Amino acid sequence: MTSHVSPLAVGQVAPDFTLPDQNGVDVRLSELTAHKNVVLVFYPFAFSGICTGELDEIRDHLERFVSDDLQVLCISCDAMFSQRAWADLHGYFFPLLSDFWPHGEVTRSYGVFNQATGGAVRGTFLIGRDGLVHS
């Protein structure tokens, strides 16, 4: 089975969503973009080597991703409890959002769901305060 993904393009409206973070706290995109720009980082799976390396980079250079005008949100289709264990293990103190149920709904709306694996393909989007995808 092959998976066709078509990520959102620059200038498109970013679909709003509410997802729980690794601590069970609901995070709503539109509440954040009312005050700052948001970097959405979609990653395939917690506890995988490449994804750990990518999120370690965010952790180690968090000042590039979190400020008064910028917030990073990392999203996968993993369950919240898996993300919590992974965050605790690696010291990820930024939001890891669970798109577990309905499975991959947000990931699909951003065009980065891999039907063959049931997870996200890697994708990064900058969502401006205007609610649009920026480059």
Side-chain angles (χ1 to χ4, degrees):
M1 170 191 291
T2 58
S3 247
H4 175 71
V5 290
S6 286
L8 290 179
V10 171
Q12 285 188 277
V13 174
D16 194 19
F17 61 80
T18 301
L19 291 173
D21 70 10
Q22 70 267 32
N23 298 305
V25 176
D26 281 345
V27 175
R28 184 172 184 96
L29 179 64
S30 60
E31 288 178 5
L32 289 172
T33 57
H35 305 286
K36 53 177 68 179
N37 299 302
V38 175
V39 175
L40 298 179
V41 177
F42 288 88
Y43 62 96
F45 299 107
F47 293 102
S48 63
I50 293 174
C51 294
T52 298
E54 290 172 342
L55 269 65
D56 283 355
E57 280 293 310
I58 294 171
R59 179 200 61 209
D60 295 347
H61 303 284
L62 198 57
E63 72 280 357
R64 296 179 189 167
F65 300 97
V66 177
S67 69
D68 290 341
D69 192 44
L70 186 65
Q71 176 64 53
V72 66
L73 301 175
C74 297
I75 302 173
S76 78
C77 296
D78 293 297
M80 178 195 72
F81 300 106
S82 296
Q83 290 186 336
R84 174 64 187 263
W86 193 45
D88 289 350
L89 180 67
H90 292 282
Y92 302 146
F93 299 111
F94 45 90
L96 304 184
L97 305 183
S98 174
D99 191 16
F100 185 70
W101 198 257
H103 189 75
E105 182 176 89
V106 171
T107 306
R108 290 173 205 272
S109 72
Y110 279 80
V112 292
F113 185 77
N114 183 332
Q115 189 69 34
T117 65
V121 297
R122 286 177 181 77
T124 304
F125 299 89
L126 174 60
I127 311 303
R129 284 177 278 173
D130 57 6
L132 300 177
V133 176
H134 292 260
S135 59

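Predicted model, so just to flag it, every value in this text is computed and none were measured. Heavy-atom basis, side chains included; hydrogens, waters and symmetry copies ignored.
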For [X], which residues count as a salt bridge (charged side-chain N to carboxylate O under 4.0 Å, His left out) partner, sequence neighbours excluded?
X: Asp56; answer: Arg59
X: Arg108; answer: none
X: Arg129; answer: Asp69

Same cluster or not: [X] versus [Y], using hydrophobic residues (I, L, V, M, F, W, Y) connected whenever any side-chain heavy atoms lie under 4.5 Å apart?
X: Phe93; Y: Val38; value: no
X: Leu55; Y: Phe65; value: yes
X: Val121; Y: Phe45; value: no
X: Phe17; Y: Leu32; value: yes

To check you understand the geometry: which heavy-atom pair defines the closest contact between [X] and [Y], and what is its length?
X: Thr107; Y: Ala120; answer: CG2-CB, 3.6 Å
X: Cys51; Y: Pro44; answer: SG-CD, 3.3 Å
X: Gln12; Y: Pro7; answer: OE1-O, 4.5 Å
X: Ala14; Y: Leu29; answer: CB-CD2, 4.3 Å
X: Tyr43; Y: Cys74; answer: CE2-CB, 3.6 Å

Members sharing Met80's hydrophobic cluster (side chains within less than 4.5 Å):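 Noted: Met80 shares its cluster with Phe81.
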Give a yes or no on whether the backbone of [Y] and the side-chain of [X] come within a donor-acceptor separation of less than 3.5 Å.
X: Gln83; Y: Leu97; result: yes
X: Ser98; Y: Asp78; result: yes
X: Asp21; Y: Asn23; result: yes

Parallel, tilted or perpendicular, as decided by the 30° and 60° cut-offs, for the rings of Phe42 and Phe125: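 Judged by the thresholds at 30° and 60°, the geometry between Phe125 and Phe42 is perpendicular.
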His90 and Tyr92 aromatic ring geometry - parallel, tilted or perpendicular at 30°/60° bounds: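 Tyr92 and His90: parallel rings.
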Residue Ile50 excluded, over 12 heavy atoms near CD1 under 6.0 Å: no
Derivation and outcome, side chain to side chain contact (heavy atoms under 4.5 Å, CB included), residues Tyr110 and Ile127: CA-CA 12 Å; Tyr110 279 80; Ile127 311 303; 4.3 Å; yes
Residue among Val41, Leu19, Val27, Leu96 satisfying side-chain contact (heavy atoms from CB on, under 4.5 Å) with Leu73: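 The residue from Val41, Leu19, Val27, Leu96 that satisfies side-chain contact (heavy atoms from CB on, under 4.5 Å) with Leu73 turns out to be Val27.
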Residue pairs fulfilling salt bridge (Lys or Arg N to Asp or Glu O under 4.0 Å) with at least one residue in residues 22-35, sequence neighbours excluded: Asp16-Arg28
Distance (rounded to the nearest 0.5 Å) between Cys77 SG and Glu105 CD: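 The distance works out to 11.0 Å.
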With Leu70 via side-chain contact (heavy atoms from CB on, under 4.5 Å) - residues at least two apart: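 Leu70: side-chain contact (heavy atoms from CB on, under 4.5 Å) contacts with Asn37, Val39, Ser67, Leu126.
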Side-chain heavy atoms of Leu8 within contact of Pro15, under 4.5 Å: yes
